[in-house]
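To start, the structure under review is shown below, and the notes come after it.
Atoms within each ligand, like the ligands themselves, are counted from 1 in listed order. Just so you know, these numbers come straight off a predicted model, no measurement behind them.
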Amino acid sequence: MDRVGLILVLEAGLSSPLRNRVRDRLRELGAQVRVVDGGERTYLEVSGQDLAIRTLHPQSWPGVSHVLPLTPPHPHASRRSDSDSERAVPVSVATGSGEAVSVGGDDLVVIGGPCSIEDEGRTIALAHELRDAGCGLFRGGAYKPRTSPYAFQGLEEEGLRILAQVREETGMGVVTEVMDSADLPKVVEIADLLQVGSRNMQNFSLLKRLGSVDKPVLLKRGYASTVEELLLAAEYILSGGNHRVILCERGIRDVAGSSQVILDLGAVPELRLRSHLPILVDPSHGSGAAHRVAPLARAATAVGADGLLIEVHNDPTRALSDGQQALTIEQFRRTMDEIAAIHRALPATARDIASREAETGAFPGIVATPGKD
Ligand code: PEP
Ligand code: MN
C-alpha cells in the first residue's frame, strides 16, 4: 500500500502537554510524526500507510489549526505532478465500424442523439443524419431518470436493442445511461460508453461496480456537486481498476433554487488543472432551452472542452423527454459548423493546463483544508 503524508499546523501558543497529546495520538494510530518548530507555530509532519492516514480526521482535534494533505484525496483522478503532458490523457471508445473514437485527443468529439430512444425507424434515421454531420458517437437513453414517476421512463431493453441496431447500421459507437446496478450487465453488453447521470454521480455502489467493467464511463457532474466531489466520484471507478473515465460538466442549479440551470464553464479549466481525465460539456442539460444550446456549445468549445454532448431530435415538439432543449437536425448541423470553426481557430495551447495558474496557484496535489482561525 502507498505511503501518504500530511502536515498538521497546531494552534498558536499551544502548550507542550497538548502538543504532545496530538503527537502521541497520531503515533498510537500508526503514523510516523516529526515535530517541527516553525517559530510562531509548531507543525507536525505526519506520514504512514494510505488507509490509516486517510481515515484520520485531525482537523476536529483540539489544538489543531490547519491540516494540509500532501497527497490528493483522489490520487487516480488527479493529474500527476511529474507528468510531462499538459493535456488530457485520451480515452478510447469503440464504435460499430471498428475504428475507435479518441476522447481527449486533438479532435473535438461531439456526441449527439435524442434524450430518449423512442422508436426504431426515427432513431436510425436520426443516427444516419448525425453520423453524416460528423458525430462518431450516438447517444440515447433507454433507462431514463425522470423527476416524475408518471413521465416516460424509457423503452428499457427495447431501447437497448434499437441502440444495437444503430451501431450495426451506422457504424457509430453508442452511449447510454446505466441507472441501476441491476441493469449493468444488459447495458454493458450493448453500450460502447456507459453514461452515469447527474442524479447518480454519488451512487457509490454503482460507481464501485463500474470500477470492474471493461467499458469506458462518461461521468456527469451532479447538478449540486462541486468539481472536487466529481473527482472523488471518478476516483471510485478509477481505483476499482477501470481507467477509462470521461468527465462531463452538465450545469448546476442556481443558488436561489429555481429550475434555472447554470452551465459552469469555469469547471473545464479547473478540472483540466486538477485532472488528466478528458472533459466534455453538455450544453443541452446545461441550459434547458434549445435557443441557448448553440451559444453555450460555442463557448464550451472556446473554453477548451474535449467534446460536447448535444440532444437532437427529428421533431423536438414530439419528443417524449427534454424536447424543449433538443435541436433539430438543421440547427445541429449549423452548430457543428460553428464549433468546428471555433475549434480550428483555437491556438494549440488552448486545451493545455492553464500553466500560469499552475505556477502561481496552490502546489499541484496539495489541498489546504480550511483552518479554524
Ligand atoms: C441525459 O443525458 O439525458 C440526462 C438525463 O442527463 P443528466 O443526468 O445530466 O440530467
Ligand atoms: Mn435529456
Item to check | Results of salt bridge (Lys or Arg N to Asp or Glu O under 4.0 Å) for Arg161 - residues two or more places apart only | outcome: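 Partners of Arg161 by the salt bridge (Lys or Arg N to Asp or Glu O under 4.0 Å) criterion, ordered by chain and then number, come out as Glu120, Glu158.
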
Checklist entry - Should Leu308 and Leu280 count as side-chain neighbours, where that means a heavy-atom distance under 4.5 Å? => result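 Leu308 does not reach Leu280 side chain to side chain.
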
Checklist entry - What's the verdict on salt bridge (Lys or Arg N to Asp or Glu O under 4.0 Å) for Arg272 and Asp306, showing C-alpha distance, side-chain angles and the deciding distance? => result CA-CA 10 Å; Arg272 183 77 76 218; Asp306 295 302; 3.0 Å; yes

Item to check | Carboxylate-amine/guanidinium proximity below 4.0 Å for Glu311 and Arg139 | outcome: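 Yes, this pair counts.
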
Item to check | Residues Lys186, Asp183: salt bridge by 4.0 Å N-O rule | outcome: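 A salt bridge links Lys186 with Asp183.
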
Checklist entry - In Å, rounded to the nearest 0.5 Å, how long is the span from CG of Leu238 to CG of Leu232? => result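 If we round to the nearest 0.5 Å, Leu238:CG and Leu232:CG are 11.0 Å apart.
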
Next on the checklist: Students should find this: residues with any non-hydrogen atom under 4.0 Å from ligand 1. What is the answer?
Outcome noted: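 Heavy-atom contacts below 4.0 Å: Cys115, Arg139, Lys144, Gln195, Gly197, Ser198, Arg199, Lys220, Arg250, His285, Glu311.
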
Checklist entry - For Phe204, which residues count as a ring pair (Phe, Tyr, Trp, His ring centres under 6.0 Å) partner, sequence neighbours excluded? => result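 Ring pair (Phe, Tyr, Trp, His ring centres under 6.0 Å) check on Phe204 returns Tyr236.
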
Item to check | Residue pair His313 / Glu118, side-chain donor-acceptor N/O under 3.5 Å | outcome: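 Distance-only check passes for His313 and Glu118.
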
Item to check | For the Mn ion (ligand 2), every protein N/O/S atom that sits closer than 2.8 Å, waters excluded | outcome: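 Metal shell, protein only: Cys115 SG, His285 NE2, Glu311 OE2, Asp322 OD2.
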
Item to check | Test item: Ser275 side-chain N/O and Leu271 main-chain N/O as donor-acceptor pair under 3.5 Å | outcome: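 Answer holds: no.
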
